[in-house]
Structures are given as C-alpha cells and as structure tokens.
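Below is one structure, written out as structure tokens; comments come after it.
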Amino acid sequence: KEMWDKEFLCNFSVSLEAGELKTVMDVKNEGAEDSFDFQAALHSYFTTSSLENLEITGSFEGKEFLNKLVGDEGEMQTEDRSAIT
C-alpha cells in the first residue's frame, strides 16, 4: 500500500522450454474501484566482454516503443531494424 493504493494480484512466472526462457506476467484488478493503468518494465542484463561485435536479434522491426531520451515526456517511435547493434 505504500507504493500502490490499488487492490491487485500480480503473478510472474518463469519457465525453461526447448531453446528458450519464457516469462509471463498476469495482473488482475481485485478492487471494487474502476480500472487503472498498470505498467511493468522488465529488463535483461547480459555479461559481455566486448560491444564491438554485439548484435541483439528478435522481432523488433515495426514495433512501437517509447523513447524516453527524446524530449521531456519521451516520444513514441517505430523500430525499423530487425537487429540492434
């Protein structure tokens, strides 16, 4: 209650599957009040010896994201890369 004044239940599960790490976060509003916004930022941290040849691949291309490095409030942008280098 100190940090969040809403009644909710949050379940976060992690499982290892064939060739992948799967994470699922479910948030349920358990209060009698109206709906509310809920956001979570999950970050991955990887150890690397050099950034010189680092490449992160995934389904980034065409995805929207909030770039908080632009302006005071950030700016919604669309990723045009399929790999981040």
Side-chain angles (χ1 to χ4, degrees):
K1 288 288 187 180
E2 282 183 39
M3 294 180 64
W4 194 258
D5 63 349
K6 307 293 184 189
E7 295 292 331
F8 70 96
L9 177 66
C10 179
N11 287 310
F12 183 75
S13 62
V14 178
S15 60
L16 293 172
E17 299 184 6
E20 68 181 3
L21 175 71
K22 182 178 180 182
T23 61
V24 176
M25 177 181 279
D26 292 310
V27 179
K28 179 181 178 185
N29 181 355
E30 296 209 322
E33 68 271 357
D34 294 331
S35 64
F36 57 89
D37 290 332
F38 188 94
Q39 296 181 22
L42 305 175
H43 302 278
S44 298
Y45 298 93
F46 301 99
T47 301
T48 181
S49 60
S50 172
L51 298 178
E52 188 174 319
N53 295 316
L54 181 69
E55 179 178 85
I56 303 171
T57 60
S59 56
F60 303 112
E61 194 170 3
K63 301 294 191 283
E64 289 188 347
F65 66 96
L66 176 62
N67 184 345
K68 290 202 156 199
L69 298 176
V70 178
D72 293 332
E73 299 295 318
E75 177 183 291
M76 289 303 295
Q77 296 180 351
T78 301
E79 181 59 67
D80 58 358
R81 301 172 291 176
S82 60
I84 297 172
T85 58

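Numbers here simply count residues along the sequence, with the first being 1.
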**Q.** Validation row: Leu9, Val27 side chains within 4.5 angstrom (heavy atoms)
**A.** no
(Q) Check this for me: Glu17, atom CD, are more than 12 non-hydrogen atoms of other residues, nucleotides or ligands nearer than 6.0 Å? (A) yes
Q | Inter-residue atom distance Asn11.CG - Lys28.NZ, 0.5 Å rounding | A | 10.0 Å
Q | Partners passing side chain to side chain contact (heavy atoms under 4.5 Å, CB included) against Gln39 (at least two apart in sequence or in another chain) | A | none
Q. Can you list every salt bridge (charged side-chain N to carboxylate O under 4.0 Å, His left out) pair that touches residues 76-85, not counting sequence neighbours?
A. Glu79-Arg81
Q: Give the C-alpha distance, both sets of side-chain angles, the deciding distance and a yes or no for side-chain contact (heavy atoms from CB on, under 4.5 Å) between Phe8 and Asn29.
A: CA-CA 5 Å; Phe8 70 96; Asn29 181 355; 5.6 Å; no
Q) Do the non-hydrogen side-chain atoms of Thr78 and Lys63 ever get within less than 4.5 Å of each other? A) no
Q | CE-CG distance between Met76 and Leu66, expressed to the nearest 0.5 angstrom | A | 6.0 Å
(Q) Is there a path of hydrophobic side-chain contacts, each under 4.5 Å between heavy atoms, that joins Ile56 and Leu42? (A) no
Q) Among all residues two or more places apart in sequence or in another chain, which pass the side chain to side chain contact (heavy atoms under 4.5 Å, CB included) test with Leu51? A) Thr48, Leu54
Q.
Going by side chain to side chain contact (heavy atoms under 4.5 Å, CB included), name the residues that satisfy it together with Thr85, two or more places apart in sequence or in a different chain.
A. Glu55
Q.
Does anything in residues 10-36 form a ring-ring contact (aromatic ring centres under 6.0 Å, His included)? List the pairs, not counting sequence neighbours.
A. Trp4-Phe36
(Q) If the condition is side chain to side chain contact (heavy atoms under 4.5 Å, CB included), which residues does Asn67 pass it with, not counting sequence neighbours? (A) Phe65, Leu69, Val70, Gln77
